[in-house]
Visitor: 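Structure in structure tokens, see below.
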Amino acid sequence: TIDDIDISHIVYPNTTDNILNIKLQSSRVTDLELYISNSLGQRVYEETITLDKNKSIRISLGDLPEGVYFVNIITSKGEKKALSFRLRKF
């Protein structure tokens, strides 16, 4: 289930100016869809991953404008979690 996936500290740094780090943990192997959306709901990044206990992802956001974005995680069963972060150009 989606509750088996720990996203309590996956997005850092929050606020970021370019690179976003995402850490995922799960007690079992599972396929996930991970995408980042802007405040209008438009997808600006997406990736399908197989999560096997721990997974670290680095995403470059240098081409995106400042604003609030959301990391969205959807399991193969359609369960969803979302977490917001702020992109700020320093």
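Keep in mind that the numbers below use all heavy atoms, side chains included, and drop hydrogens, waters and symmetry copies.
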Visitor: Which residues satisfy the side chain to side chain donor-acceptor pair (under 3.5 Å) test with Asp31, sequence neighbours excluded?
Guide: Thr50
Visitor: Which ring pair (Phe, Tyr, Trp, His ring centres under 6.0 Å) pairs, counting each pair once, include a residue from residues 22-47, with sequence neighbours left out?
Guide: none
Visitor: How far does OG1 of Thr75 sit from NZ of Lys81, to the nearest 0.5 angstrom?
Guide: 10.5 Å
Visitor: Looking at CG of Leu51 and CD1 of Ile73, how far apart are the two atoms once the value is rounded to the nearest 0.5 Å?
Guide: 8.5 Å
Visitor: Show the nearest heavy-atom pair for residues Pro65 and Leu87, with the distance to one decimal.
Guide: O-CD2, 3.3 Å
Visitor: With rounding to the nearest 0.5 angstrom, report the CD1 to NZ distance, Ile74 to Lys80.
Guide: 5.5 Å
Visitor: Run the side chain to side chain contact (heavy atoms under 4.5 Å, CB included) test on Ser60 and Asn18 for me, step by step, so that the C-alpha distance in whole Å, both residues' side-chain angles and the decisive distance to 0.1 Å come before the verdict.
Guide: CA-CA 6 Å; Ser60 174; Asn18 184 23; 3.4 Å; yes
Visitor: If every non-hydrogen atom of Lys89 is compared with every non-hydrogen atom of Gly62, which pair is closest and at what distance?
Guide: NZ-O, 3.0 Å
Visitor: The criterion is side chain to side chain contact (heavy atoms under 4.5 Å, CB included); which residues satisfy it with Asn21, sequence neighbours excluded?
Guide: Tyr12, Pro13, Ile19, Arg58
Visitor: Determine, step by step, whether Asn72 and Ser37 satisfy the side chain to side chain contact (heavy atoms under 4.5 Å, CB included) criterion, reporting the C-alpha distance in whole Å, the side-chain angles of both residues, the deciding distance to 0.1 Å, and the verdict.
Guide: CA-CA 8 Å; Asn72 302 274; Ser37 59; 3.1 Å; yes
Visitor: Who are the side chain to side chain donor-acceptor pair (under 3.5 Å) partners of Asn38, not counting sequence neighbours?
Guide: Gln42
Visitor: Test Leu24 against Ile49 for side chain to side chain contact (heavy atoms under 4.5 Å, CB included), laying out the working first.
Guide: CA-CA 11 Å; Leu24 299 170; Ile49 59 174; 3.4 Å; yes
Visitor: Which residues satisfy the side chain to side chain donor-acceptor pair (under 3.5 Å) test with Glu46, sequence neighbours excluded?
Guide: Arg43
Visitor: Drop me the distance from Glu79's CD to Leu32's CG, to the nearest 0.5 angstrom.
Guide: 10.5 Å
Visitor: Taking atom OG of Ser84 and atom CG of Asn14, what is their separation to the nearest 0.5 Å?
Guide: 6.5 Å
Visitor: Could you give the distance from CD (Glu47) to CD1 (Ile57), rounded to the nearest 0.5 Å?
Guide: 5.0 Å
Visitor: Please examine the side chains of Thr15 and Arg88, heavy atoms only from C-beta on, and report whether any two atoms are closer than 4.5 Å.
Guide: yes
Visitor: What pairs meet the ring pair (Phe, Tyr, Trp, His ring centres under 6.0 Å) rule with one or both residues in residues 53-73, with sequence neighbours excluded?
Guide: Tyr69-Phe85
Visitor: Do you know which of Ile59, Leu61, Val11 makes side chain to side chain contact (heavy atoms under 4.5 Å, CB included) with Thr16?
Guide: Leu61
Visitor: Does CG in Asn54 sit with more than 12 non-hydrogen atoms of other residues, nucleotides or ligands closer than 6.0 Å?
Guide: yes
